[in-house]
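Just follow the structure's listing: the first ligand is 1, and inside any ligand the first atom is 1. Quick note: residue numbers are just sequence positions, from 1.
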Amino acid sequence: MRVDILNGFYHLDCSNIINYVSTKINYFDSDANIICSEIGDGNLNLVFRVVDEKNGKSVIIKQALPFLRCVGETWPLSIYRNELESKVLIKQYELTGGMVPKIYYSDPVMHAMIMEDLSNYSIMRSALMAFKQFPFFADKITDFLVKTLLYTSDFIMEPKEKKELVKEHINPELCEITEKLVFTDPFYNAKSNNIDSYMVPFMEEHIWNDTELLRNVIKLKFYFMNHAEALLHGDLHTGSIFINNVNIKVIDPEFSFYGPIAYDIGVLLANLIMNYESVQMRCSNNALKNKHKTFLISAIEDVIDLFRNKFLKFAKVCTNQVLIQQTPVFLEDYVDDIISNAAGIAGCEMIRRTVGLAHVDDLDLIEKADMNRITKEQNILLAKSLIIKKDNIKNGKDIIPLLYMNNEFKVCLL
Ligand code: SR1
Ligand code: MG
């Protein structure tokens, strides 16, 4: 057990956590039979589940480590991110009426939080990898997006109040990770990349030497860095979403900051698209494969169209901006711009998840080597089209032909 005697911080583990939880919250019965398991498989933190075996009552404890877990102590990272994350969760809980876990206790000394366990939910990426469909998903996630993004923006908030929030949620170290790992390193032969050797010449040919593409990527990076528009989740991939047959809960907003609305939408779209790529290669049951692909196509289209409609509807009715009330056409331009940039950002996320430091199972777990390779190459080409053609993407239907083109090409190769 590592202890920093000066400030009372120590690393939690299964031998000390039961005592820790009982001193912080009055949640378990006095005769509880509590067991602990370490369940964290993310890149950054320690995560534990503590359960009373007698009645199944449980909580989750998340503690920040002072370095990047997936790299080690050579990449130090502020542990104050845990306080920031719990602040965001509290805000998002309020804004969405409970679409994120409830925080029971936030500990500024241990850089840990104790929160609601979502044991009746599964991680959405794992459920999608098992070819499960969730027809209600797009409706729920676009509610989450509109409630957390529109309602923390200048459309609704008073200017001073919004700027206070911008200040409170400044998150330079985690933003730097995104600036480096999403918008920079995958676009040259960087040391941090995790790239199969056969992909190097492919990347040189299609991405690293394409000045027009790089010009768009740098624009998107500066858009990400200089656009304090709304309080983002900041890492809204399918591993940050818990889902069951009727509901979703969004977790892990530690990359949250005031940034462009398009970022959350783009990351989400990218991860749905990569699952679409994955099912094509991993599902041997044709009926199930088609069913899953049809679901994903609708989900991708609906995320864009429902976001667009809900954003327009609530912005029109709820905005405090007098000039927008008189000139509603402005809103159409505004949302067009969000969707186009989301398409470009989706492309960057797809490229980084293929050759950057942190991959996704959707691509990595395609077992057959030739199929794995084809999917990764096609994913890069599709991502490139999304970045180059982003200004033509305004509605759900604009993105779907790109997926079909990609798929037909792949089928020809097999
Ligand atoms: C080194 S951290 C890598 C990635 O993990 C997180 O989930 C974020 O997506 C980050 O970019
Ligand atoms: Mg995470």
Side-chain angles (χ1 to χ4, degrees), residues 38-48 60-79 81-82 84-86 88-89 92 100-101 111-113 115 118 121-126 141 144 148 171-187 190-195 217 220-221 224-225 232-243 248-257 259 263-275 345-364 383:
E38 220 267 81
I39 55 165
D41 59 355
N43 294 319
L44 280 88
N45 304 289
L46 293 173
V47 185
F48 303 89
I60 297 292
I61 300 98
K62 179 170 182 179
Q63 183 179 41
L65 292 171
F67 52 85
L68 204 55
R69 187 179 181 185
C70 66
V71 172
E73 302 198 17
T74 53
W75 190 325
L77 205 57
S78 159
I79 37 181
R81 66 183 187 274
N82 192 275
L84 265 185
E85 181 177 353
S86 81
V88 178
L89 282 169
Q92 291 179 334
V100 301
H111 306 290
M113 60 185 132
M115 61 185 147
L118 302 168
Y121 288 76
S122 315
I123 287 286
M124 186 174 182
R125 189 183 307 284
S126 315
I141 197 70
F144 176 85
T148 56
N171 194 357
E173 287 193 26
L174 284 271
C175 283
E176 194 179 3
I177 292 181
T178 304
E179 288 150 22
K180 179 174 165 57
L181 297 187
V182 179
F183 292 110
T184 310
D185 292 3
F187 296 94
K191 264 201 181 139
S192 71
N193 287 336
N194 170 8
I195 179 166
V217 171
L220 288 166
K221 178 177 177 180
F224 176 83
M225 294 171 83
L232 305 189
H233 176 280
D235 196 22
L236 193 55
H237 55 81
T238 49
S240 297
I241 299 169
F242 267 110
I243 199 156
I248 63 165
K249 298 259 185 182
V250 176
I251 60 164
D252 266 5
E254 63 204 318
F255 284 80
S256 173
F257 77 113
Y263 190 74
D264 278 356
I265 303 170
V267 169
L268 177 66
L269 290 174
N271 282 272
L272 295 174
I273 294 171
M274 288 186 285
N275 189 258
I345 287 162
C348 297
E349 167 78 358
M350 287 161 69
I351 291 174
R352 76 97 166 210
R353 293 296 191 183
T354 319
V355 299
L357 177 71
H359 288 198
V360 286
D361 284 352
D362 307 61
L363 301 178
D364 279 0

Q: Before accepting this row, confirm whether a basic side-chain N of the pair Glu349/Arg353 lies closer than 4.0 Å to the acidic partner's carboxylate O.
A: yes

Q: Can you say whether the rings of His233 and Phe144 are parallel (under 30°), tilted (30 to 60°) or perpendicular (over 60°)?
A: perpendicular

Q: Would you indicate whether the side-chain heavy atoms of Thr238 and Met274 approach each other to under 4.5 Å?
A: no

Q: The criterion is salt bridge (Lys or Arg N to Asp or Glu O under 4.0 Å); which residues satisfy it with Glu38, sequence neighbours excluded?
A: Arg69

Q: Check the angle between the aromatic planes of Phe242 and Tyr121 and answer parallel, tilted or perpendicular using the 30° and 60° thresholds.
A: perpendicular

Q: With the criterion set at N/O pairs under 3.5 Å, what does the list of contacts between the protein and ligand 1 look like, atom names and distances included?
A:
unit_1   : atom_1 : unit_2 : atom_2 : d
ligand 1 : 5 (O)  : Asn43  : ND2    : 2.7
ligand 1 : 7 (O)  : Asp235 : OD2    : 2.7
ligand 1 : 9 (O)  : Asp235 : OD1    : 2.8
ligand 1 : 9 (O)  : Asp235 : OD2    : 3.1
ligand 1 : 9 (O)  : Arg352 : NH2    : 3.0
ligand 1 : 9 (O)  : Arg353 : NH2    : 3.2
ligand 1 : 11 (O) : Arg352 : NH1    : 2.8
ligand 1 : 11 (O) : Arg352 : NH2    : 3.4

Q: Could you pull out the closest heavy-atom pair between Met113 and Asn82, with the gap in Å?
A: N-OD1, 3.5 Å

